[in-house]
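Data first, discussion second: the structure below is written as structure tokens.
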Protein chains: 2
Amino acid sequence: MAHGGGPGNAGADRGADRGADPEAVHAWARLVRVSGALVSAVEADLKAAGMPPLGWYDVLLELERAGDAGLRPVELQARLLVAQYNLSRLIDRMEAAGLVARAADPDDRRGQRLRITAEGLRRREAAWPVYRAAIGRHVAARLGPGEARTLAGLLGKLAG
Amino acid sequence: MAHGGGPGNAGADRGADRGADPEAVHAWARLVRVSGALVSAVEADLKAAGMPPLGWYDVLLELERAGDAGLRPVELQARLLVAQYNLSRLIDRMEAAGLVARAADPDDRRGQRLRITAEGLRRREAAWPVYRAAIGRHVAARLGPGEARTLAGLLGKLAG
DNA sequence: TGAAACTTGATGCATATGCATCTATATCAC
DNA sequence: GTGATATAGATGCATATGCATCAAGTTTCA
């Protein structure tokens, strides 16, 4: 479970809330709390079904989309917004599990190309119905398509 | 940085997206990615200013609000949505840092009452301007008050 | 060309998280 | 009351994360 909780309206000067209006503070508090709870819930659903965690899924999906060319770790890093050292070890684990393969990059001898293995493909495909159902339960059941679209739009602005 | 990335439209049967409509899936993907990125960014801002991490802030704020009576760990756990074993050790660290105090609960000898210390109070107060500025930079600068309110509302529905 | 600066990815070490389980106390059913 | 069950909180162990730094390769530019 994520840390949640609300930022402070207990701050001394409520009247002069410099730096963030109260609506933004409230939205922030909810964002942290709700996203943490939902991620935990979905993660638990995946685990309960014997599926790999979300982070693994994301890697598998990106590599699947990248196709035969594979991806450089540094590209994957940028897409998934994970820290470099973190990705390095995530790939270690996934490689050990046989889901991805590292190969030398012919164009840059510092680098690698990562590719999904057949087994990795199978695992991602097996995970998707479970993942989709979890999203259905935790998101789609609570938000209509219009609301979901609005939410995505607002989050997009936040990502700026 | 959090794991981000999108769930699969690479799934086999795109036409029959049982369990979650595409809008929900998209909103979910954005939620995970954006909230992760923002939490990382805010956390980095706090750290850069020498302030305690978000999780600590949340604990301090709840305890400050609870006042003299303090809070039971189990209550804090429910409010912050953290796992029990996790909170137990978070409190260990914060106690070691002198920001919170554990005391035996007079009404339940299994339990404790947690209270914020004077130093904890000072730390939380010192952190708030930094935290507020971070929220301002990362949220308020990108969302007007009306949008922030809409976002909070949608997230509230998601929390259901 | 060749030295300085930068990029890519790995890794040792400290810290944090998750899981299972444990102890102690409280509550419930009888 | 007493035994069964539930709840509060801690903890050993495995795994994951963050930080700093490193080695190897690439780019830049005098």
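Residue numbering restarts at 1 for every chain, and letters A, B, ... go by the order of the sequence lines.
At a threshold of 4.0 Å, the pair Arg122(B)-Glu125(B) does not count as salt-bridged, since none of the basic side-chain nitrogens sits closer than that to a carboxylate oxygen. Between Arg89(B) and Glu95(B), no side-chain nitrogen of the basic residue sits less than 4.0 Å from a carboxylate oxygen of the acidic one, so the salt-bridge criterion is not met. Using a cut-off of 4.0 Å between Lys/Arg side-chain N and Asp/Glu carboxylate O, Asp108(A) and Arg72(A) are scored as salt-bridged.
Counting only heavy atoms from C-beta on, Arg110(B) has its side chain closest to dA8(D) among dA8(D), dT8(C), dT17(C).
Looking at Tyr57(A) and Leu46(A), their side chains never come closer than 4.5 Å, going by heavy atoms from C-beta outward.
Regarding contacts with the backbone of dT11(D), every side-chain N or O of Tyr85(B) stays at 4.0 angstrom or more from both OP1 and OP2. Taking 4.0 angstrom as the limit, Gln112(B) places a side-chain polar atom (N or O) nearer than this to OP1 or OP2 of dA10(D). Residue Lys47(B) places none of its side-chain N or O atoms closer than 4.0 Å to OP1 or OP2 of dG18(D). Applying the 4.0 Å criterion to OP1 and OP2 of dG9(C), one finds that Ser88(A) has every side-chain N and O outside that range. For Asn86(B) and dA16(C), the shortest distance from a side-chain N or O to OP1 or OP2 is not below 4.0 Å.
Each of Pro73(A) and Asp107(B) was assigned the nucleotide of DNA chain C with the nearest heavy atom; the assignment lying further toward the 5' end belongs to Pro73(A). Of the residues near DNA chain C, Gln84(B) and Arg102(A), the one whose nearest nucleotide (by heavy atom distance) lies more toward the 5' end is Arg102(A).
Residue contacts shown for Asp108(B) are limited to sugar-phosphate atoms, with no base heavy atom under 4.0 Å away.
Between the base of dG18(D) and the side chain of Arg89(A) there is a donor-acceptor pair shorter than 3.5 Å.
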